[in-house]
Amino acid sequence: MAKHAVLSSGAKLWRSLACANSELRLDLTLACGQSFRWRETAEGHWTGVIGGRVWTLTQTDDTLWYYVYKKQDMRKEGRDEKRKAGISLQEENESEKKFEGPLKKEDEEPVAVTSVLDTEEEDKMLRDYFQLNVKLVDLYMAWGAADPHFKSIADIFTGVRMLRQDPTECLFSLICTSNNNITRIQGMVERLCQAMGTPLFQLDETSYYDFPSLSALADSSVEERLRDLGFGYRARFLHQSAQKILNTHGPQWLEGLRSVPYLQAHNALRTLPGVGTKVADCVCLMSLDKAEAVPIDTHVWQIAKRDYKYATVNRQKSITDKIHRELGDFFRKLWGPYAGWAQAVLFCAELRKFQKLKQMPHLKQPKKEEENEDEMTVVCKKVKN
DNA sequence: GCTATACCTTG
DNA sequence: AAGGTATAG
């Protein structure tokens, strides 16, 4: 059986991109609740699915390493993808001859066999998924200059980056998050893929699946099946949203929202059952290229009140749509057009599992100020509750 | 517009 | 209560 790849025992089969630690931290970015399917399969090694392929990622100081698992006979699928991308089959066949060697039987042990075209494509896929064209260090600098509180967090929580996720996976995963916790959400999404997604690869007893297609999610049996899998009332939302998208818009509708303005995309998503202001903003930010979308959840609401002394005129108890708009505008004014990215850094710093980072000694420890200690005390107190 | 309540499950 | 949403008043 194939095993999860580890860099130290097979570096030759890995490929890499230049990418500084300050631009990307896998441990924070892949586990801060924007995606739910990455697992740490070895120390510092993260395995998950991008674009219908299974990847393991790890990093050293200035390098992002990646390993893509390939079955020997994935060539038909590869051809289809390349035909879509406008790459001629002749060209591909030549590269296959050069780099794949003689054909092997279908049932042989899976091995990584990679043509130059795959390498270029996968390099591109990874840059796209992590949006490496966005210079995070520059953004951190600007956010820190405009906002002292951000700066106090940013020295520890470096490299927190928004992923550019598949819109379908993002939408249907986020519908699962209402009134829920990350641990349970991860289990739910995993069961969803296992039950309704295409199997991709098996590694060490773990099977990896593609995220279910819209048409699979729209099948009439879905609500009942998801209820059996413990989705609760969200089962109906998932099914109804899939049906509504296919019946009234078409399969390309979600992707199409990438090229319309933020508010238009936001309002379009809100017409789907189970999608309110918060989920719509998450989907906009995490999969539809709307960097200005600032999802306001209970954490961010607490952050706003505690760290920014944010107060509303009527002292509302709950997060109303009006608060969403006003608080979003407040953060956009403070942080600028990538406000959603900055929000993700503070959100990450708020997560229970990352509190220990705040207590670890780190190099860029700013001078000890009373204000900093107060904030630390508040956070620690919060963790206990 | 704002508030209250139900909604599935799990810890 | 947990990263909310839909509904009625």
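One can place NZ of A:K353 at 12 Å from C1' of C:dG3, the figure rounded to the nearest angstrom. When the P atom of C:dG4 is taken as reference, atom CD1 of A:I323 falls 14 Å away, rounded to whole Å. Look at CG on A:L269: it is 11 Å from P on C:dT5, rounded to the nearest Å. Rounded to whole Å, the distance from CG on A:L327 to P on C:dG4 is 14 Å. In this entry the distance linking CD1 of A:I319 with P of C:dA2 reads 11 Å, nearest Å. Distance CG (A:D321) to P (C:dT5): 9 Å, rounded to an integer number of Å. In this structure, A:W301 places its CH2 atom 15 Å from C1' of C:dG4, rounding to the nearest Å. In this entry the distance linking CZ of A:R270 with C1' of C:dG4 reads 11 Å, nearest Å.
Follow the hydrophobic side-chain contacts under 4.5 Å out from A:Y262 and you never reach A:L139; the two are in separate clusters.
If you find the closest nucleotide of DNA chain C to A:G274 and to A:C32, the one lying nearer the 5' end belongs to A:C32. Projected onto DNA chain C by closest heavy-atom contact, A:L272 and A:Q34 fall at different nucleotides, the more 5' of which corresponds to A:Q34.
Classification of A:D118 and A:K70 as a salt-bridged pair holds, one side-chain N sitting under 4.0 Å from a carboxylate O. Contact check on A:R225 versus A:D228 returns no salt bridge, with no Lys/Arg side-chain nitrogen under 4.0 Å from an Asp/Glu carboxylate oxygen. Salt-bridge annotation for A:K124 and A:E120: absent, with no side-chain N of the basic residue lying under 4.0 Å from a carboxylate O of the acidic one. A salt bridge links A:D123 and A:R127; the closest N-O separation between the charged side-chain nitrogens and carboxylate oxygens is under 4.0 Å.
Taking 4.5 Å as the limit, every side-chain heavy atom of A:L200 sits out of range of all side-chain heavy atoms of A:Y209. Inter-residue side-chain proximity for A:L171 and A:I245 is flagged as met; some heavy-atom pair is nearer than 4.5 Å.
Using cut-offs of 30° and 60° for the angle between ring planes, the A:Y129 and A:W38 rings count as tilted. Between A:F172 and A:F211, the two ring planes are tilted [angle within 30° to 60°].
Of the possible donor and acceptor atoms, none in the side chain of A:E223 sits under 3.5 Å from a partner among the backbone N and O of A:A235.
Residue-level contact check: A:T277 touches the backbone only, with heavy atoms under 4.0 Å from sugar-phosphate atoms and none from bases. The residue A:P295 sits apart from the nucleic acid: no heavy atom pair falls under 4.0 Å. Heavy atoms of A:L351 sit nowhere under 4.0 angstrom from any nucleic acid atom. Among the atoms of the strands shown, only primed sugar atoms or phosphate atoms (P, OP1, OP2) are found under 4.0 Å from some heavy atom of A:V275.
For the P atoms, the distance linking B:dA4 with C:dG3 amounts to 22 Å, nearest Å. C:dA8 and B:dC8 are spaced 16 Å apart, taking the P atom of each and rounding to whole Å.
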Base-pairing string, 5' to 3', of DNA chain B - Watson-Crick or wobble, under 3.5 Å, | interstrand: .||||||.||.

Footprint string (nucleotides 4-11 of chain B, 5' to 3'): B base within contact, S backbone only, - free, heavy atoms under 4.0 Å: ---BBB--

